[in-house]
Engineer: 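Could you have a look at this structure, given as structure tokens, before my questions?
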Amino acid sequence: MVLHMSSLFLRTLREDPADAEVPSHKLLVRAGYIRRVSPGVYTWLPLGLRVLRNVERIVREEMDAIGSQELLFPALLPREPFDASGRWSEYGPNIFRLQDRKGADHLLGPTHEEMFTLTVKDLYSSYKDLPLSIYQIQTKYRDEARPRAGLLRGREFVMKDSYSFDIDEAGLDKSYQAHRDAYVRIFDRLGFHYVIVEAMAGAMGGSKSEEFLATAEVGEDTYVHCTSCGYAANVEAVRVPAPDPVGWEGVPAAHAEDTPDTPTIETLVNHLNEHYPRDDRPWAAGDTLKNVVVMLVHPDGTREPLAIGVPGDREVDEKRLGAQVEPATVEAFDEKDFAVHPGLVKGYIGPGALGLEGTTGIRFLLDPRVAAGTRWVTGANEPGKHVIDLVAGRDFEGDGTIEAAEVRFGDPCPNCDHVLEGARGIEMGHVFQLGKKYAEALDLRVLDQNGKLTTVVMGSYGVGVSRAVACVVEGNYDDAGIIWPRELSPADVHIVAAGKDEALFSAADEIARDLEAQGLTCIVDDRRGVSPGVKFKDSELIGVPTIVVVGRGLADGKVEIKDRRSGERREVALEGIVEAVLAEVRAS
RNA sequence: CGGGGCAUGGCGCAGUUUGGUAGCGCGUCCGCUUUGGGAGCGGAAGGUCGCAGGUUCAAAUCCUGUUGCCCCGACCA
């Protein structure tokens, strides 16, 4: 179909919209692809809808290619399935809830694990029906605390979600790999730089999970990668290599010393260097053991204090901690909490008071770096006193380890002897071995070869479809505007009639018809009385990869082909334009 | 939920300090000229200045309250 600019429902903006911050948001609004309706909710204008449909098409093709079957669940869901999984209450304020005229609770689906699981349970009952892979491309609703960055984090967004159902773990591995391969093809076709990183598998543990992150400055996720061995992980999922245990022969017995007015690591290190200098080198923050106490809030509302021991030169990373304790959430340990636990001396908390066996009985988890044999300076549980030469494994033990300390670029790679570099990314896809979590919660079981009921093993896989539109722009723009990868472009060719001579317009239309006959879609800028400069600017802003200019050369039987990305232009004889454009389109 | 900022024609903004007939650029409409890099001239339409109270002869401007939006953080299957 040929789109005529003279009648296309489009208005480009010369200036950036005031409420947009990130490039994709500014450009998609300026170029007339989307309009904001309310925070995190957007209208897709004709050009934008074409791009969205293109993303959907690519996703659909690759999902179909691995034998996944498309279906469509409603966005409007009754409460019951979410009661069954416990998420009606777990989700808290993050879902849109509503009632029907009878007062029955409903919600707008934020995700559809329950529906997929229950529908399979409804229809299938035998191992012979498995494996199964089903997917949908559907609008999701989440009442985000803070929508931002245009399409990158919305309250209404389009997502492809799919689920695999297998009889055993081996089947799950195959389904997972098939999805992973399909995702590689999808993201290659979408045309942006991405990395595949290890991700948190969630509270179930042991399951495999990877994220596809589009590399972008504006990304909300931080990941690290090793330049040598290829290891890459979301910082939430980084495993700190634990040093080998060392012996403590010759280490003096732990001794408490006066360290007045040293409630912080910095004041402590200064005091140590002044009053208890080391022979080999000055004391450093990394020699101290910092014991941080937080309050966990479990989904049932119970509160549990938790102490975390990390080297004093590192902060506790709240995201990493949160990922570790999921589904519980973390709150600060406040003055009231300290009052309840007089055994905790603020600023001087030491292992002696901690641990299930300690005086306070507070669970105490250690950073992996606090391995057996390591020596520490730490609080003596008395104001103004610290313990020196406290040896892990000899003088204290934790109730386990936890990955909660911050990850820094330059930290050692857990896989090889190189160091980790880091960058930001946007989560575009997630493949996840769910295991039996939902199948157990919702009782999805089938009969196996022996006639016994066995719980189905599930995988969960998502692609942010509308987010991908913004994400592609983040990776494909210049000062003049958007530069669409060919597969996503709202049209194959943008034809500009530059001039006022009527012959230009009829030639432009003729070219469009000929290209259309070859299966290409065209935008024709046939606006009369609009100066060439305006048309050039608009064509660059809109970002169709191939631009054909029908202008002053037409008198000599020449038109111009311009490559949006390189800016390269060349003159082509009018009669050869269709072949030239086809070659251009096929080449990229 | 904490911190910061902003609400004035379709879009981007000035005007608020020091109260006195609501302005500029872009866009839109009409006419003439112009047509290879966001044209020129002339004319026109379009705003109860987020909302509600208050002070005042007089409020976009001062006071009180309230709502919405954007950014940073918390949060984010």
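A note on names: the letters A, B, ... follow the listed sequences, proteins ahead of strands, and every chain is numbered from 1.
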Engineer: Decide whether a cation-pi geometry holds between A:Lys26 and A:Tyr477; the criteria are a distance under 6.0 Å from NZ or CZ to the six-membered ring centre and an angle within 45° of the ring axis.
Structural biologist: no

Engineer: A:Ala20 or A:Lys535: which one's nearest nucleotide on RNA chain B is closer to the 5' end?
Structural biologist: A:Lys535

Engineer: Rounding to a whole Å, what distance do you find between A:Met428:CE and B:rC76:P?
Structural biologist: 20 Å

Engineer: Under 3.5 Å, is there an N or O donor on one side and an acceptor on the other linking the side chain of A:Arg153 and the base of B:rC76?
Structural biologist: yes

Engineer: Angle between ring planes, A:Phe187 versus A:Tyr183, binned at 30° and 60°: parallel, tilted or perpendicular?
Structural biologist: perpendicular

Engineer: Could you measure between the two P atoms, the one in B:rU55 and the one in B:rU61, and give it in whole Å?
Structural biologist: 15 Å

Engineer: Look at the side chain of A:Arg148 and decide which nucleotide, out of B:rA74, B:rG36, B:rC69, has an atom nearest to it.
Structural biologist: B:rA74

Engineer: Write down the distance between CZ (A:Arg528) and C1' (B:rC30), rounded to a whole number of angstrom.
Structural biologist: 20 Å

Engineer: Using atom CG of A:Asp525 as one end and atom P of B:rU35 as the other, report the distance to the nearest whole Å.
Structural biologist: 18 Å

Engineer: Using the P atom as the point on both nucleotides, what is the distance between B:rA59 and B:rC32, in whole Å?
Structural biologist: 46 Å

Engineer: With a 4.0 Å cut-off, would you call A:Lys437 and A:Glu113 a salt bridge?
Structural biologist: no

Engineer: Show me the donor-acceptor pairs, under 3.5 Å and distance only, between side chains in residues 570-578 of chain A and residues at least two apart or in other chains.
Structural biologist:
unit_1: A:Arg570; atom_1: NH2; unit_2: A:Glu584; atom_2: OE1; d: 3.0

Engineer: Could you check whether A:Arg87 gets within reach of a base, just the sugar-phosphate, or nothing at all, counting any heavy atom under 4.0 Å?
Structural biologist: sugar-phosphate

Engineer: If you measure from the P atom in B:rG3 to the same atom in B:rG15, how many Å do you get, rounded?
Structural biologist: 27 Å

Engineer: Are any protein N/O atoms closer than 3.5 Å to N/O atoms in nucleotides 8-13 of chain B? If there are, list each pair with its distance.
Structural biologist:
unit_1: B:rG12; atom_1: OP1; unit_2: A:Ala18; atom_2: N; d: 3.2
unit_1: B:rG12; atom_1: O2'; unit_2: A:Glu15; atom_2: OE2; d: 3.1

Engineer: Can I get a per-line list of side-chain donor-acceptor pairs under 3.5 Å for residues 491-508 of chain A, giving both atom names and the distance, sequence neighbours left out?
Structural biologist:
unit_1: A:Asp492; atom_1: OD2; unit_2: A:Thr521; atom_2: N; d: 2.8
unit_1: A:Asp492; atom_1: OD2; unit_2: A:Thr521; atom_2: OG1; d: 3.3
unit_1: A:Asp501; atom_1: OD1; unit_2: A:Ala503; atom_2: N; d: 3.0
unit_1: A:Glu502; atom_1: OE1; unit_2: A:Arg528; atom_2: NH1; d: 2.8
unit_1: A:Glu502; atom_1: OE2; unit_2: A:Arg528; atom_2: NH1; d: 2.5
unit_1: A:Ser506; atom_1: OG; unit_2: A:Glu502; atom_2: O; d: 3.3
unit_1: A:Ser506; atom_1: OG; unit_2: A:Ala503; atom_2: O; d: 3.1

Engineer: Quick one: the side chain of A:Glu540 and the base of B:rG37, do they pair up donor-acceptor inside 3.5 Å?
Structural biologist: yes

Engineer: Go through the structure and list residues passing side-chain contact (heavy atoms from CB on, under 4.5 Å) with A:Ala480, not counting sequence neighbours.
Structural biologist: A:Asp478, A:Glu540, A:Arg564

Engineer: Describe the nucleic acid contact of A:Ala480 in one word from base, sugar-phosphate, nothing, applying a heavy-atom distance below 4.0 Å.
Structural biologist: nothing

Engineer: Rounded off to whole Å, could you give me the CZ-to-C1' distance for the A:Phe536 and B:rU35 pair?
Structural biologist: 10 Å

Engineer: Between residues 457-471 of chain A and RNA chain B, which residues have a heavy-atom gap below 4.0 Å?
Structural biologist: none

Engineer: Quick one: on RNA chain B, does A:Ser38 or A:Lys562 contact a more 5' nucleotide (nearest heavy atom)?
Structural biologist: A:Lys562

Engineer: Suppose you measure atom C1' in B:rG46 against the same atom in B:rG10; what distance do you get, rounded to whole Å?
Structural biologist: 9 Å

Engineer: Counting the atoms with a prime plus P, OP1 and OP2 as sugar-phosphate, which does A:Arg569 contact under 4.0 Å by heavy atoms, base, sugar-phosphate, or nothing?
Structural biologist: base

Engineer: With sequence neighbours left out, what residues match A:Ser531 under side-chain hydrogen bond (donor to acceptor under 3.5 Å, both in side chains)?
Structural biologist: none

Engineer: A:Glu560: which residues meet the side-chain contact (heavy atoms from CB on, under 4.5 Å) condition with it, sequence neighbours left out?
Structural biologist: A:Val549, A:Arg569

Engineer: Checking only heavy atoms, does the side chain of A:Arg30 share a donor-acceptor pair with the base of B:rG38 at less than 3.5 Å?
Structural biologist: yes

Engineer: If the condition is salt bridge (charged side-chain N to carboxylate O under 4.0 Å, His left out), which residues does A:Arg180 pass it with, not counting sequence neighbours?
Structural biologist: A:Glu210

Engineer: What's A:Val496 touching, base or sugar-phosphate or nothing? Going by heavy atoms closer than 4.0 Å.
Structural biologist: nothing

Engineer: Can you list everything that forms a ring pair (Phe, Tyr, Trp, His ring centres under 6.0 Å) with A:Tyr176? Sequence neighbours excluded, please.
Structural biologist: none

Engineer: Specify the separation, in whole Å, of atom CD of A:Glu144 and atom C1' of B:rC70.
Structural biologist: 17 Å

Engineer: Say we look at B:rC13 and B:rA60: how far apart would their C1' atoms be, to the nearest angstrom?
Structural biologist: 15 Å

Engineer: Give me each pair satisfying ring pair (Phe, Tyr, Trp, His ring centres under 6.0 Å) with a member in residues 19-38 of chain A, each pair once, sequence neighbours excluded.
Structural biologist: A:His25-A:Tyr42, A:Tyr33-A:Trp484

Engineer: Using the C1' atom in both, what is the distance from B:rC62 to B:rA74, to the nearest Å?
Structural biologist: 37 Å

Engineer: What class does the angle between the rings of A:Tyr163 and A:Phe165 fall in, given that below 30° is parallel, 30 to 60° is tilted and above 60° is perpendicular?
Structural biologist: tilted

Engineer: Under 4.0 Å between a side-chain nitrogen and a carboxylate oxygen: does that hold for A:Asp563 and A:Arg565?
Structural biologist: no

Engineer: Produce the list of close N/O pairs, under 3.5 Å, pairing protein atoms with atoms of nucleotides 39-44 of chain B; give distances to one decimal.
Structural biologist:
unit_1: B:rA39; atom_1: OP2; unit_2: A:Ser531; atom_2: OG; d: 3.0

Engineer: Record whether the side chain of A:Lys537 comes under 3.5 Å of the base of B:rG36 through a donor-acceptor pair of N or O atoms.
Structural biologist: no

Engineer: What integer distance in Å separates A:Lys558:NZ from B:rG36:P?
Structural biologist: 19 Å

Engineer: How far, in whole Å, is B:rA7 from B:rG47 if one measures between their C1' atoms?
Structural biologist: 14 Å

Engineer: Suppose we screen for side-chain contact (heavy atoms from CB on, under 4.5 Å). Which residues come up paired with A:Gln69, at least two apart in sequence or across chains?
Structural biologist: A:Leu132, A:Ile134

Engineer: Rounded to the nearest angstrom, tell me the gap between atom NZ in A:Lys500 and atom C1' in B:rG36.
Structural biologist: 14 Å

Engineer: Provide, to the nearest angstrom, the distance between the CD atom belonging to A:Glu21 and the P atom belonging to B:rC72.
Structural biologist: 6 Å

